[in-house]
Every structure is written in structure tokens, then in C-alpha cells.
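Letters A, B, ... mirror the listed sequences (proteins, then strands); counts begin at 1.
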Amino acid sequence: MKMSQLVGRRDKNAPKEAQITSHQFLLRGGYARQVSAGLFSLLPLGLRVIQKIEAIVREEMNKVGGQEVLMPVVLPRELWDESGRYDSVGSELLRFKDRAGKDFVLGMTHEEAAVHLARSEIFSYKQLPATLYQIQTKFRDEPRSRGGLVRVREFTMKDAYSFHEKDECLEKTYQEVHEAYERIFQRAGLKNFISVASDAGMMGGGVSHEFMAVTEIGEDSFLVCDDCGYKANREVAKMKYPEYNDESAELTKVATPDTTSIEDVAKFLGVSEDQTCKAVFYTDSEGGLVTLLMRGDLEVCEAKVKAVLSLKDLQMADDELIKKYGMVPGYASATGTDPSKYTLILDDSLKGRKNLVAGANEDGFHKTGFDPARDLNEDDYQWADLTNVPDGSTCVECGSTLKLQRGVEIGNIFQLGKKYSESMNMTYLDQNGKAQIPTMGCYGIGIGRMMACIMEEHNDKFGPIWPESVAPYQVHINILDPKKENALGIGLELYEKCLKAGVEVLVDDRGEKTGFQFSDADLIGLPHRVIISPKNLKQGKVEYRTRASRDSELFDVDQAFESLMVKLGK
RNA sequence: CGGGGUGUAGCGCAGCUUGGCUAGCGCACUAGUCUGGGGGACUAGGGGUCGCAGGUUCAAAUCCUGUCACCCCGACCA
């Protein structure tokens, strides 16, 4: 490709809405343009990177037996009614009508479509297991897109669906895909990624893992134990609680004026925050009160609470509701109330604690000596894990220290089970001629997110440094001062030779000033660069550089192509 | 959806407080000359409904009201 013809402008400054590195270089380098919130057009350079990533994904999915298909983006409501998700999924599912008034959705994931396809093609155990995948546009009406390609509404995803007779077979495929994912991310140049145990969320089903690109800009949090390898998304992570050996004490009312926060109470009474018990209030689906008690220094993990309560949406209870059950916001606790009238759940962090500071349900007063097991009737409450695991907590597996890290979810895998095959009535005949419901797995990779994460991991202050496996082109030829010493002719000749040899090459034939060309080349970030300049041509040389190291060496002009091929490993 | 912020040329910005001549600067873009190893110089140009709508006023980029878009934090999120 000739730079003089390449569509996509490079820019010295990033628009101010671009805050993170990958977003800035995406715009500055002419890879993508935003059309609206969460909607991007890809320019030629950006599309080439995406296609490189897709090619790697295809190869690896094919290797584990995947068969590529293509399902529609627009799906009829009926399919989503069959699975029940038309109603159960929230407003991130875009629903609309066609001219006849028929209901449709934009596919945000394709379990329904995959089962629809599979149930019309697979009738026998002899056809199982089977894995179908596609690389297709998804649309999710995210309430808030952000970070360039990190979180968008319309995006390209590789999604795969596997069908099995037995759970063991599903587990085997699951493991194979897990390994394929590791190869995919490695081949695409990502170094810093891990898979963590995760919450299945709206997908339903059992075992699932998320692949996280570990990066500061990540919006997901997870905990990692360097010693034993424990890794879990913050939404499912567990910790080992410290032994407190509290000394039992009588429940005693103390005056604690103007101390509605845990921090204030702890300070006022001269105890640490983990010696307090905090109450948090939500409403259940019928509008009833849910009271959660937990150690004062911990924070609620709403994902865990939702899982415990089997609720899709959580709403904080308002003060009126809390007061209705005899509790006083700011000084609330379960003591002195009737928990049989509302839902009371105690966080595991309170197990074995005998001497805590809790609210007295009276303005300006707390109680010391709170012992949940002693002071509450055990029929009135249940225990559960409700809180976020803080950085530095103790690993449940090995007792070592957990580290809290941030990451971007670039892939995930689920053992779905029969949730979709059953609800959508997919059956096959087993060896005994008996109808059976297959068990399923599903496996996703965010292609655009991968591109953003690769950029986040591979860049310097001048631009991205593409790994060879995903670079839009392999070679960048700069022609400095093209009119002298036949620089233009020699540069274009090298360019033509590369084209003939099937090497992906970009040549800067614009005659721009050196610095201008180099800055553009850095923003395009191709791994190999050849610089044709009159200065070196006079000595019969051309210069070769890599984008990453900036080390340079000289090639003889008449051996330039051959020397370059050596560098390319061809 | 809650909190905060920003809308003036493709991008970055000034002007707005205190209304007033033709709306300005840098980069980018066009033509030309010079220049030629890290965004070079000079000359001459093109490009704007000042986000949109309404209002106040002799006069609005500037003041008022409304509205839309985008960004950031949170909520939410296979």
C-alpha cells in the first residue's frame, strides 16, 4: 500500500475525549473513528489488525474442532421467548419491530440462534460432540460505553457453542477451548493475561472462566494468589477471615452522638473498624426489606448479594422501609427487631465474632458487645458471603496474600449445561434410541477489545508497537528526499519486490519531510522499517530498523530485499 | 439512572467574566518556492449556521431558558 493513497489521517493531538492510551493511538494513528457513543468505524489500518486477530482465532478454533458458521445479527423474538431471555434480560437487549409490527432483537449473544441451528441439524449421538462458532457483530445497549474500543455497544465477537452427550465430554471441550484461548492470546502478542473463575451472570449455568488482560485501565477486578495460583473474579472471590478471639462482653448501650458512619463510630469509641458491625439495606423483588450485616470495614459486593437473593436487580432500601421494621438509619442493627418479619443475612465475616460495635436503633447510640450468635435467634437469619475481598486479604486456598488487580475481560468460557437446549427443546437420539437433551458450552472472545488491549500492552510515547502477528503490515518503507539519488525509484522497486513476494508492505511515497514521515511511521507502528535516503544511497546503503528497539543497521542497496527477507524470517 | 465536565474549522485551543467593527491562533489541508535523518521555512489560499432551539437587546460566541451530543466517576454489564 502506498501512503499517498492510504485513507486514514494521522494526528499530532488526540481529541480530548480520548483518555486511555489505546483510544488515543486508535484515533491518532487513523485506525478507527467514532460515529456515536460506543459505535466505531474501522479505517483500513484498523480493519487489517482486526482481520489478523480473526485469522488467529479461526485457526485455533478450527484446531479444537470448531466449525465456522454465520448467524444473523437480527433475531426474532420467538427464539428469545423460547429461552425466556426476552423477558429476563434487561434493556441492554435492543428490541424493535419490523414494518409488520413483528418483534425482533439485535443479537447480544447467540445461544438461541445456535440452538435453533443445531436442533435442526443434529439428531443423533453420532453427530456429537459438535462445536459451532462464528465471528459476528454483537450489539449491547450498554448504559455507558467508554475507553475507545474497550467498552462499546456494537462490537465483533467470536462466539462458539458446543453440544455434548455427557458432562465429561463438555468438560473436555471446555478444557481444550481454554487451551486454545491461551494460544490465541499468546499468538496475538498478549503477555499479561490470566483466566479467573467467574460468575456466570445472565448466561446461567455452572463453571465459567473469564480471560482477563491485566491492565490498569481494566474495569473488572479480580484477586490473585501468587503462591498457590488461586485466581477469581471479585464477584466470586473468597477470602480466609482472620481469627479474632473476641472476649465476650455484655450488650451495652453507649452514647455515640453524630456518628452515622463506621469511620466516625470507630474513631469515637477508639476501636478499629473491623470491630464494628455494619448494616446495609436492600429491597427484595416484592418490595420487602433485606438487611445485611457485615464487618464494618468491608464493603458489600452486590453481585454476591444478587446471587444469594436470586435477584436480577438490587435496589437500596429507602429510610422509610428501614424504619418500618424498627431500625434507625445511621444507627441500625438487627438487635431489638423482629427478623422473622424481614430477610436477615449475616456475612461470613461475622462468624465467631463476640464483641462488636453495632447500632442501637436509636439516634446517637450504639451497642458494644454484640455477639451475633448469642444475640440473634439462629432461625431468623442465614449466613452468606456478601462482601468484596479487599486487596491483601488471606487466600482461602493456601493462607498466603491475595492481590487485587484490574483487567479487561477479553474472553470467557461457560459450561452452560442444558439451560438453552432444554428450554428450546433440542433433542437427539442416544444409542438406545431414546431422546436426550444435549449439554452445552459457550465460549466468547471480544475481537475489538483484544485489539485495544494489545495496544495498551505494546506501545511507547510515539505510538503502538504491533506484534508481527497482528501488525496491519509487516514492513514500512520510508523514502526521504525522493528526488535525489533515485531514492523514489529504489524505494518503489523494493516495494514492488515485497509485493511480489507476498510481504505486506506500506511505502511512504509522499515526499514528506523526514520527521513528519517518521512520526507517522511510529503511529502506524509496523515492526520492520526500511529507510531509503540519499545520504545512505551515496554509500550504496539503505537503513533497516525495528519499531520496537529503534536499533538500526545498513543493508547494501542491491541486497536490500534479500537482507530484509532474512529479517522477516523468510 | 445519579454526580462532575465539555461543546468555537479535521485536531488542539483563545475569545465569554464586563455583549460592540470582518470570530482568532497553532497544527493539518491547497498552490508555489526553498529545504531534506525526527512533525522545517517563506508566500498566497480554502475551510465556521460559535452543538441546536427559543428569548433579552439597537447589537449575542458572549447574558437568560430549554434541549441535544460527547467525555469522566459511579450504578449497570456474557
Please determine whether a side-chain nitrogen or oxygen atom of A:Arg10 lies at a distance below 4.0 Å from atom OP1 or OP2 of B:G39.
no

Examine the side chains of A:Asn412 and A:Glu409 and answer whether a donor and an acceptor come within less than 3.5 Å of each other.
yes

Please determine, for B:C1, whether a Watson-Crick or G-U wobble partner exists with both distances under 3.5 Å, and give it or none.
B:G74

Suppose we call a contact any N or O donor and acceptor under 3.5 Å apart; does that hold for the side chain of A:Asp11 and the base of B:G12?
no

B:G38 versus B:C71 - spacing of their P atoms, nearest Å:
38 Å

Would you indicate which nucleotide in B:G37, B:G38, B:G12 comes nearest to any side-chain atom of A:Ser519?
B:G38

Grab the CD-C1' distance between A:Gln19 and B:G5 for me, whole Å please.
10 Å

From CG of A:Leu480 over to C1' of B:U35, roughly how many Å is that when rounded to an integer?
13 Å

Between B:C76, B:G37, B:G39, which nucleotide has the shortest distance from any of its atoms to the side chain of A:Glu543?
B:G37

Walking RNA chain B from its 5' end, the first of A:Ser145 and A:Leu523 to be reached, judged by nearest nucleotide, is A:Leu523

Does A:Arg28 make a side-chain donor-acceptor contact with the base of B:G12, cut-off 3.5 Å?
no

Would you call the rings of A:Tyr174 and A:His209 parallel, tilted or perpendicular if under 30° counts as parallel and over 60° as perpendicular?
tilted

Below 4.0 angstrom from OP1 or OP2 of B:C70, is there any side-chain N or O of A:Ser36?
yes

Can you tell me, in whole Å, how much space there is between the C1' of B:G4 and that of B:A23?
30 Å

Under the 3.5 Å rule, do the base of B:G38 and the side chain of A:Arg550 count as making a donor-acceptor pair?
yes

Rounding to an integer number of angstrom, what distance separates B:U65 and B:U57 when you compare their C1' atoms?
16 Å

Between B:G26 and B:G46, how far apart are the P atoms? Round to whole Å, please.
16 Å

Checking base pairs now: Watson-Crick or wobble, both atom distances under 3.5 Å. What partners B:C21?
none

Given B:C71, B:G74, B:G36, the nucleotide with the shortest approach to the side chain of A:Lys483
B:G36

Between B:U17 and B:A60, how far is it from one C1' atom to the other, in whole Å?
15 Å

Partner of A:Tyr443 under side-chain contact (heavy atoms from CB on, under 4.5 Å), picked from A:Asp159, A:Leu416, A:Thr173, A:Val64, is A:Thr173

Which base sits across from B:C50 as a Watson-Crick or G-U pair, both distances under 3.5 Å?
none

Would you say the ring centers of A:Phe185 and A:Phe211 fall short of 6.0 Å from each other?
yes

I'd like to know if A:Asp481 reaches the base of B:G37 with its side chain, counting only an N/O donor and acceptor under 3.5 Å.
no

Starting at atom CZ of A:Arg510, determine the distance to atom C1' of B:G36, rounded to an integer number of angstrom.
15 Å

Using a cut-off of 4.0 Å on non-hydrogen atoms, how would the nucleic acid contact of A:Ala18 be classed: base, sugar-phosphate, or nothing?
nothing

Of the candidate nucleotides B:C71, B:U35, B:C29, which contains the atom at the shortest distance from the side chain of A:Glu512?
B:C29

Nearest listed nucleotide, side chain of A:Lys12, among B:G39, B:G12, B:A75:
B:G39

Please name the residue in the list A:Lys461, A:Arg10, A:Arg550 that meets the salt bridge (charged side-chain N to carboxylate O under 4.0 Å, His left out) test with A:Asp522.
A:Arg550

Polar pair under 3.5 Å, donor/acceptor by atom type, side chain A:Ser533, base B:G37:
yes

C1' gap between B:U49 and B:G32, integer Å
33 Å

Say whether A:Glu112 and A:Ser83, considering side chains only, have a donor N or O and an acceptor N or O under 3.5 Å apart.
yes

By the Watson-Crick or G-U definition, both distances under 3.5 Å, B:A31 is matched with B:U43

Using both distances under 3.5 Å as the test, list the Watson-Crick or G-U wobble partner of B:A61, or none.
none

G-U wobble or Watson-Crick pairing nucleotide for B:G38 (cut-off 3.5 Å, both distances)
none

If you measure from the C1' atom in B:C63 to the same atom in B:C58, how many Å do you get, rounded?
16 Å

Roughly, in whole Å, what's the span from CG in A:Asp220 to P in B:A75?
12 Å

Find out whether the Lys NZ or Arg CZ of A:Arg234 is both under 6.0 angstrom from the six-membered ring centre of A:Phe222 and within 45° of the ring's axis.
no

Describe the nucleic acid contact of A:Asp522 in one word from base, sugar-phosphate, nothing, applying a heavy-atom distance below 4.0 Å.
base

Distance in angstrom units between A:Leu488 CG and B:G36 P, rounded:
18 Å

Taken to the nearest whole Å, NE2/A:His23 to C1'/B:C11 is 13 Å

Nearest to the side chain of A:Arg529, heavy atoms from C-beta on, is which of B:G36, B:G38, B:A28?
B:G38

A:Trp466 and A:Tyr31: aromatic ring centres closer than 6.0 Å?
yes

The side chain of A:Ala37 is closest to which nucleotide in this list: B:C70, B:C76, B:C72?
B:C70

Applying the 3.5 Å cut-off to both distances, the Watson-Crick or G-U partner of B:G26 turns out to be B:C11

Heavy atoms under 4.0 Å, any strand shown: does A:Gly511 hit a base, just sugar-phosphate, or nothing?
base

Distance below 4.0 Å between A:Gln34 side-chain N/O and B:C71 OP1 or OP2
yes

Classify the nucleic acid contact of A:Arg545 as base, sugar-phosphate or nothing, counting any heavy atom under 4.0 Å across all strands shown.
base

Considering only B:G39, B:G37, B:C70, which nucleotide approaches the side chain of A:Ile531 most closely?
B:G37

Does a distance-only test, which skips hydrogens and angles, find a donor-acceptor pair under 3.5 Å between the side chain of A:Lys16 and the base of B:U6?
no

Check: A:Asn478 side chain, B:G37 base, donor-acceptor under 3.5 Å
no

Rounding to an integer number of angstrom, what distance separates B:G45 and B:A9 when you compare their C1' atoms?
15 Å

Once you apply a heavy-atom cut-off of 4.0 Å, does A:Gly411 come out as touching a base, just sugar-phosphate, or nothing?
nothing

Between CG of A:Leu488 and CG of A:Leu480, what distance do you get to the nearest 0.5 Å?
11.5 Å

Taking only Lys NZ, Arg NE, NH1 and NH2, and the carboxylate oxygens of Asp or Glu, determine whether A:Asp11 and A:Arg28 approach each other closer than 4.0 Å.
no

Among the nucleotides B:C11, B:C76, B:G38, whichever has the atom closest to the side chain of A:Arg9 is B:C11

Would you mind classifying the nucleic acid contact of A:Tyr443 as base, sugar-phosphate or nothing, using non-hydrogen atoms under 4.0 angstrom?
nothing

How close or far is atom P of B:C71 from atom CD of A:Glu219, stated in whole angstroms?
13 Å

From C-beta outward on A:Phe516, which listed nucleotide comes closest to its side chain: B:G38, B:C29, B:C71?
B:C29

May I ask you to say what A:Pro15 touches in the nucleic acid, namely base, sugar-phosphate or nothing, with a heavy-atom cut-off under 4.0 Å?
sugar-phosphate

